[in-house]
Amino acid sequence: MTHQRTWGEVDLAPDDPVDLTLGSLRLRMKRRGSEIWLLTERDDRARDTDGEWQRWAVPEDVIVRMRPALPERLLVVSHELPFHLPGHGEADVYVRIPLFVQVVVSGARMGELVVLDEPSFVLSDTWWGTVAEGELAYWLETKARAEISPDLFVPHIAMCPIHLENGSDHPLPVDRFAVRALHLSLFEHDGRVWTDDVRVRYMASTEGSEIRFGGEAPEEEPSGRRLADPRVAIRRGLQARTFDRLRSLSVLGG
């Protein structure tokens, strides 16, 4: 049984399974002839003979890699200590985001193929918006915080630095807010996974806040190597509802 380092190329030798646990996800991989077999479970009772294996028939010379990915939906998070941001005030917060685990195979004859895309933790559904208008989102159990410490870093969770600006003349309550993680990249240094930085400027407009994504390793870890590109890349910023000024309808969670 081979125990794989978290992210990168997988040495998948014939009949030598790779076993990896990230969050609540246990992943097993093995190669049999020209096939790659994958098994995922959500507890500690994975067995060689039980469970449903996914089988992929691929060329024998393909490269297999483990790659992290951010959730494909908007994320809703609350701050551990809600606060008010004065008019034209600024603050930095950090959000821990559970990663998805991707298994990617690539080769000269087939290009790149994602054969597995599973969350390290199963996220709860919630709704972000009003009864008349909104979108399906994920609710994060982790809380946003003003400070971070080394014990908060684990391989299956990314740290997202967010800079908040209140561009209005009035105080802004910061309790629940939205993070559009599908537009973020991932970086790693010394086992710590980061996203690029996010800058959010609240303007008290119906179009929502101005949001910009750094696109590079954050200043907290400028030497981080790129692990993954965004699920949905955007060249410029966007305007979207970020703060919960009017309490969002939350019918499924949060």
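If you're wondering where the values come from, they're calculated on a predicted model, not measured in any experiment.
One hydrophobic cluster, built from ILVMFWY side chains closer than 4.5 Å, holds both Leu113 and Met66. Hydrophobic clustering (ILVMFWY, side-chain heavy atoms < 4.5 Å, transitive): Leu70 and Val114 are in distinct clusters. Hydrophobic clustering of Ile, Leu, Val, Met, Phe, Trp and Tyr side chains at less than 4.5 Å, counting indirect connections, unites Leu22 with Leu38. Under a hydrophobic-cluster definition in which Ile, Leu, Val, Met, Phe, Trp and Tyr are linked whenever side-chain heavy atoms come within less than 4.5 Å, directly or via other members, Val154 and Leu25 are assigned to different clusters. Hydrophobic cluster membership is shared by Val62 and Met29, with clusters built from Ile, Leu, Val, Met, Phe, Trp and Tyr side chains linked at under 4.5 angstrom.
The distance from atom CD of Glu118 to atom OG of Ser24, rounded to the nearest 0.5 Å, is 9.5 Å. Atoms CG and CZ, from Asp16 and Arg31 in turn, are 12.0 Å apart once rounded to the nearest 0.5 Å. Separation of atoms CZ (Arg55) and NZ (Lys30) is listed at 10.0 Å; rounding is to 0.5 Å. Rounding to the nearest 0.5 angstrom, the gap separating the CD1 atom in Ile97 from the CE atom in Met159 is 10.0 Å. Taking CZ from Phe213 and CD1 from Ile234, the interatomic distance works out to 4.5 Å, rounded to the nearest 0.5 Å. Once rounded to the nearest 0.5 Å, the distance linking CD of Glu165 with CG of Leu172 reads 12.0 Å.
Counting heavy atoms from C-beta outward, Val115 and Ile36 have side chains that stay 4.5 Å or more apart. For the pair Phe153 and Ile148, the minimum side-chain heavy-atom distance is below 4.5 Å. Contact check for Leu85 versus Tyr202: no side-chain heavy atoms found under the 4.5 Å cut-off. Side-chain contact between Phe187 and Asp196 is present, with heavy atoms from C-beta onward closer than 4.5 Å. Counting heavy atoms from C-beta on, the side chains of Ser78 and Asp175 come closer than 4.5 Å. Side-chain contact between Leu123 and Leu140: present, with at least one pair of heavy atoms (C-beta onward) separated by less than 4.5 Å. Annotation: side chain of Glu220 is not in contact with side chain of Arg192 (no heavy-atom distance under 4.5 Å). Residues Asp92 and Ile162 have side chains not in contact (no heavy-atom distance under 4.5 Å, counting atoms from C-beta outward).
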#### Entry: Criterion side chain to side chain contact (heavy atoms under 4.5 Å, CB included) on Arg28 and Trp37, from CA distance to verdict
CA-CA 8 Å; Arg28 305 189 77 188; Trp37 290 32; over 6 Å; no

#### Entry: Glu133/Arg241 under salt bridge (Lys or Arg N to Asp or Glu O under 4.0 Å): CA gap, chis, key distance, verdict
CA-CA 11 Å; Glu133 183 179 358; Arg241 185 172 181 271; over 6 Å; no

### Task
Report the C-alpha distance between Trp7 and Leu186 in whole Å, list the side-chain angles of each, state the deciding distance to 0.1 Å, and finish with yes or no for side chain to side chain contact (heavy atoms under 4.5 Å, CB included).
CA-CA 11 Å; Trp7 309 118; Leu186 288 168; over 6 Å; no

### Task
Could you check Leu74 against Val76 for side chain to side chain contact (heavy atoms under 4.5 Å, CB included), going step by step and ending with a plain yes or no?
CA-CA 7 Å; Leu74 175 150; Val76 180; 3.6 Å; yes

### Task
Step by step, work out the side chain to side chain contact (heavy atoms under 4.5 Å, CB included) result for Ile63 and Glu9.
CA-CA 7 Å; Ile63 296 173; Glu9 188 172 335; 3.7 Å; yes

### Query
Given His88 and Asp169, is the side-chain hydrogen bond (donor to acceptor under 3.5 Å, both in side chains) satisfied, shown in steps?
CA-CA 6 Å; His88 305 286; Asp169 296 326; 2.7 Å; yes

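Judged purely by atom type and a 3.5 angstrom limit, Asn166 uses its side chain to pair as donor or acceptor with the backbone of Pro86. With hydrogens and angles ignored, the 3.5 Å screen pairs a side-chain donor or acceptor of Arg96 with a backbone N or O of Leu152. Listed for the Thr242 side chain is no donor-acceptor partner under 3.5 Å among the backbone atoms of Ser209. One N or O on the side chain of Ser120 and one on the backbone of Leu99 form a donor-acceptor pair closer than 3.5 Å.
Tested against Leu27, the residues Leu39, Val103, Asp19, Thr21 include a single side-chain contact (heavy atoms from CB on, under 4.5 Å) partner, Val103.
Pairing each heavy atom of Pro222 with each of Ala217, the nearest pair is O-CB, 3.8 Å. Listed here is the closest heavy atom pair of Arg73 and Tyr138: NH1-CE2, 3.3 Å. Residues Asp117 and Phe100 come closest through the heavy atom pair OD1-CD2, 3.4 Å. The nearest pair of heavy atoms linking Trp128 to Ala137 is CB-CB, 4.3 Å. Nearest heavy atom pair, residue Pro68 against residue Ala228, reads O-CB, 3.3 Å. Listed here is the closest heavy atom pair of Phe177 and Phe243: CB-CD2, 4.1 Å.
Within a 6.0 Å sphere centred on NE2 of His170, heavy atoms belonging to other residues, nucleotides or ligands number 12 at most. Within a 6.0 Å radius of CZ in Arg212, no more than 12 heavy atoms belonging to other residues, nucleotides or ligands are found.
Judged as a ring-ring contact (aromatic ring centres under 6.0 Å, His included), not a single pair has a partner in residues 12-36 (not counting sequence neighbours).
Between Tyr94 and Trp194, the ring planes are perpendicular. Angles over 60° get that label, and only those under 30° would be called parallel.
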